[in-house]
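Below is one structure, written out as structure tokens; comments come after it.
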Amino acid sequence: MDRLLPVPAALDDAAADALAAQYAYPAGLTAPYVRVNFVSSVDGAVTVDGRSGGLGSAADRRVFGVLRELCDVVLVGAGTARAEDYRGARKPGRGRDTPPPIAVVTGSAGVNPKSRLLTDTAVPPIVLTLRTAPATRLEALADAGAEVVPLDRLTPDALLAELGRRGLYRVLCEGGPTLHGQLHAADAVDELCLTLSPLLAGGDSGRIAHGPAGATPRPMTLVHALHEDGTLLLRYARAAGR
Ligand SMILES: NC(=O)c1ccc[n+]([C@@H]2O[C@H](COP(=O)([O-])OP(=O)(O)OC[C@H]3O[C@@H](n4cnc5c(N)ncnc54)[C@H](OP(=O)(O)O)[C@@H]3O)[C@@H](O)[C@H]2O)c1
């Protein structure tokens, strides 16, 4: 892998620390910091045949893994957890004995208690849901081992307040586009890690954010650009002072 920006250099990412250093979260966080990670084709498609797998590359998978090692929690919308048949993260986080929990956002508590999220995980998933969700679903998820958190609302501020209460400050949001669109609309995205895959996907796929019309564009700064085999791995952060 090569670094193109800020200073061109070959990156020996076989030494996992080299890649981890590129993606370090800001030090001394005292509140949730939201990093969003997506892979997209160069024509902006977020899926091929309804899933992201067809867009990935070896470089993207390595960065995906390192981002998980660096975070305190993986935040994901239920649409993504269902489409991608999510299971628990496998590798322990850096400086921790256990992997980060997966926190799923679902207004309907529409997560199958028999899905891999519950059955194939080293730590209980956190289900961020609404008090108005069907009680039978909430009970079934709790019985299956989930930490069920019924909230009055699932707005970004409510979600992040809940994670912050647990000391889960290094947030890695793995999408999907609906959740990302809501985070964007609330100006809650601190950072975007975007893999651009050298593919023209065409088709009817959506893009990486889908939210309410009239959203305000947010200026971002390119922190680094990595390259391997035609894949670009871009890290953007909220522009200073915004
Ligand atoms: N290329 C990539 O990097 C990438 C990354 C992620 C996802 N994807 C793709 O994106 C697609 C899924 O897109 P999506 O937009 O449906 O995914 P999503 O944002 O993961 O899920 C949307 C669902 O999450 C729940 N949800 C999210 N925010 C909520 C809120 N504030 N309040 C209540 N419920 C909320 C709802 O679930 P309930 O219906 O359960 O209430 C909603 O239907 C999949 O095809 C996936 O493969 C691609």
Side-chain angles (χ1 to χ4, degrees), residues 34-57 59-65 67-68 74-87 102-113 115-118 125-134 136-138 140-141 146 148-163 171-186 188-189 191-199 201 203-212 215 231-236:
V34 178
R35 164 179 285 168
V36 176
N37 184 37
F38 270 96
V39 58
S40 154
S41 66
V42 281
D43 59 334
V46 76
T47 54
V48 172
D49 288 337
R51 294 175 68 145
S52 60
L55 295 165
S57 62
D60 177 57
R61 285 187 286 278
R62 291 207 300 288
V63 168
F64 183 92
L67 295 187
R68 281 193 166 191
V74 175
L75 179 67
V76 69
T80 299
R82 290 188 288 256
E84 309 273 349
D85 192 16
Y86 257 51
R87 63 183 176 202
I102 309 276
V104 193
V105 184
T106 171
S108 66
V111 174
N112 183 344
S115 65
R116 297 198 304 169
L117 203 56
L118 281 302
I126 302 170
V127 177
L128 299 165
T129 187
L130 289 172
R131 289 188 206 288
T132 51
T136 49
R137 290 189 180 178
L138 301 182
L141 285 166
V148 179
V149 184
L151 298 170
D152 289 329
R153 46 201 184 98
L154 290 175
T155 53
D157 63 330
L159 295 171
L160 297 178
E162 189 56 38
L163 299 181
V171 178
L172 172 63
C173 176
E174 293 182 345
T178 302
L179 182 57
H180 182 202
Q182 292 173 13
L183 291 169
H184 170 84
V189 177
E191 190 174 304
L192 173 67
C193 295
L194 176 64
T195 299
L196 271 184
S197 284
L199 276 178
D204 61 356
S205 163
R207 60 189 191 89
I208 67 168
H210 179 78
T231 295
L232 284 173
L233 301 125
L234 308 171
R235 179 182 176 196
Y236 290 93

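Indexing begins at 1, ligand by ligand and atom by atom, following the structure's order.
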Practice item. With heavy atoms of A83 as the reference, note each atom of ligand 1 found under 4.0 Å away. Key: 44 (C), 45 (O)
Point to revise | Atom pair CG (L232) and CG (L194), whose distance is rounded to the nearest 0.5 Å | key: 9.0 Å
Check your understanding: For the side chain of R87 and the backbone of R116, is there at least one donor-acceptor N/O pair under 3.5 Å apart?
Key -> no
Practice item. Give yes or no for whether the N/O distance cutoff of 3.5 Å, strictly under, is met between T178 and ligand 1. Key: yes
**Study point:** Short N or O distance, N37 and ligand 1, threshold 3.5 Å exclusive
**Key:** no
Check your understanding: Short list, please: which atoms of ligand 1 are under 4.0 Å from a heavy atom of E84?
Key -> 46 (C), 47 (O)
Point to revise | Options V36, V111, T80, ranked by nearest heavy atom to atom 12 (C) of ligand 1, top entry | key: T80
Check your understanding: Any donor-acceptor pair under 3.5 Å linking the side chain of H180 with the backbone of I208?
Key -> yes
Review point. Which ligand 1 atoms are under 4.0 Å away from a heavy-atom of L179?
Key: 19 (O), 28 (N)
Point to revise | side-chain contact (heavy atoms from CB on, under 4.5 Å) evaluation trace for L130 with L154 | key: CA-CA 7 Å; L130 289 172; L154 290 175; 3.7 Å; yes
Review point. Should T47 be listed as contacting ligand 1, given a heavy-atom distance under 4.0 Å as the test?
Key: yes
Check your understanding: Tell me, which protein residue and heavy-atom name are nearest atom 39 (O) of ligand 1, and how many Å apart are they?
Key -> R82 NH2, 3.1 Å
Check your understanding: Would one find an N or O of T106, backbone or side chain, under 3.5 Å from an N or O of ligand 1?
Key -> yes
Review point. In the protein, what heavy atom is nearest to atom 34 (N) of ligand 1, and what distance, to one decimal place, separates them?
Key: G107 N, 3.2 Å
Practice item. Give the atoms of ligand 1, by number and element, whose distance to some non-hydrogen atom of G77 is under 4.0 Å. Key: 18 (P), 20 (O), 21 (O), 24 (O)
**Study point:** Test side-chain contact (heavy atoms from CB on, under 4.5 Å) applied to A185 - qualifying residues, sequence neighbours left out
**Key:** P212
Practice item. Look only at interatomic distance and state if F38 has a nitrogen or oxygen under 3.5 Å from any nitrogen or oxygen of ligand 1. Key: no
Point to revise | L118 side chain near V111 side chain, heavy-atom distance below 4.5 Å | key: yes
Point to revise | The one among G79, C173, G50 that brings a heavy atom closest to atom 23 (C) of ligand 1 | key: G79
Practice item. Return yes or no for this condition: an N or O of L154 is under 3.5 Å from an N or O of ligand 1. Key: yes
Review point. Can you find a protein heavy atom under 4.0 Å from atom 42 (C) of ligand 1?
Key: no
Review point. Taking atom CG of L199 and atom OG1 of T231, what is their separation to the nearest 0.5 Å?
Key: 8.5 Å
Review point. Got L128 and L75 here, is their nearest side-chain heavy-atom distance under 4.5 Å?
Key: yes
Exercise for review: Compute the minimum heavy-atom distance from H180 to ligand 1 and say whether it is under 4.0 Å.
Suggested key: no
Study note, to complete from the structure: atom 25 (C) of ligand 1: closest protein heavy atom, distance to 0.1 Å, is V105 O, 3.1 Å
Exercise for review: Enumerate the atoms of ligand 1 whose separation from the nearest heavy atom of S52 is less than 4.0 angstrom.
Suggested key: 1 (N), 2 (C), 4 (C), 47 (O), 48 (C)
Review point. Numbering the atoms of ligand 1 from 1, which are under 4.0 Å from a heavy atom of V39?
Key: 1 (N), 2 (C), 3 (O)
Exercise for review: Looking only at distances, please establish whether an N/O atom of ligand 1 is found under 3.5 Å from an N/O atom of Q182.
Suggested key: yes
Check your understanding: Partners of D157 by salt bridge (charged side-chain N to carboxylate O under 4.0 Å, His left out), sequence neighbours excluded?
Key -> R153
Review point. Based purely on interatomic distance, does V46 place a nitrogen or oxygen under 3.5 Å from a nitrogen or oxygen of ligand 1?
Key: yes
Review point. Does S197 reach the main-chain N or O of S41 with its side chain, forming a donor-acceptor pair under 3.5 Å?
Key: no
**Study point:** Polar side-chain atom of E84 near backbone of S52 as donor-acceptor pair, under 3.5 Å
**Key:** yes
Check your understanding: Counting each atom of ligand 1 from 1 as listed, which ones have a heavy atom of G176 under 4.0 Å away?
Key -> 6 (C), 7 (C), 17 (O), 18 (P), 19 (O), 20 (O)
Point to revise | Which residue and heavy atom of the protein sit nearest atom 13 (O) of ligand 1, plus the separation | key: P177 CD, 3.3 Å
Check your understanding: Between E174 and ligand 1, is there a nitrogen or oxygen pair with a distance under 3.5 Å?
Key -> no
Check your understanding: Any idea which protein heavy atom is nearest atom 24 (O) of ligand 1, and the distance to it?
Key -> A78 N, 3.2 Å
Check your understanding: Does C193 reach the side chain of L67, with side-chain heavy atoms less than 4.5 Å apart?
Key -> yes
Exercise for review: Could you tell me the residue and atom name of the protein heavy atom closest to atom 38 (P) of ligand 1, and the distance to it rounded to 0.1 Å?
Suggested key: S108 OG, 3.4 Å
Check your understanding: Is it true that a side-chain atom of S205 and a backbone atom of T47 form a donor plus acceptor pair closer than 3.5 Å?
Key -> yes
Point to revise | Any donor-acceptor pair under 3.5 Å from R35 side chain to E191 backbone | key: no
Check your understanding: Would you say T80's side chain and G176's backbone share a donor-acceptor pair under 3.5 angstrom?
Key -> yes
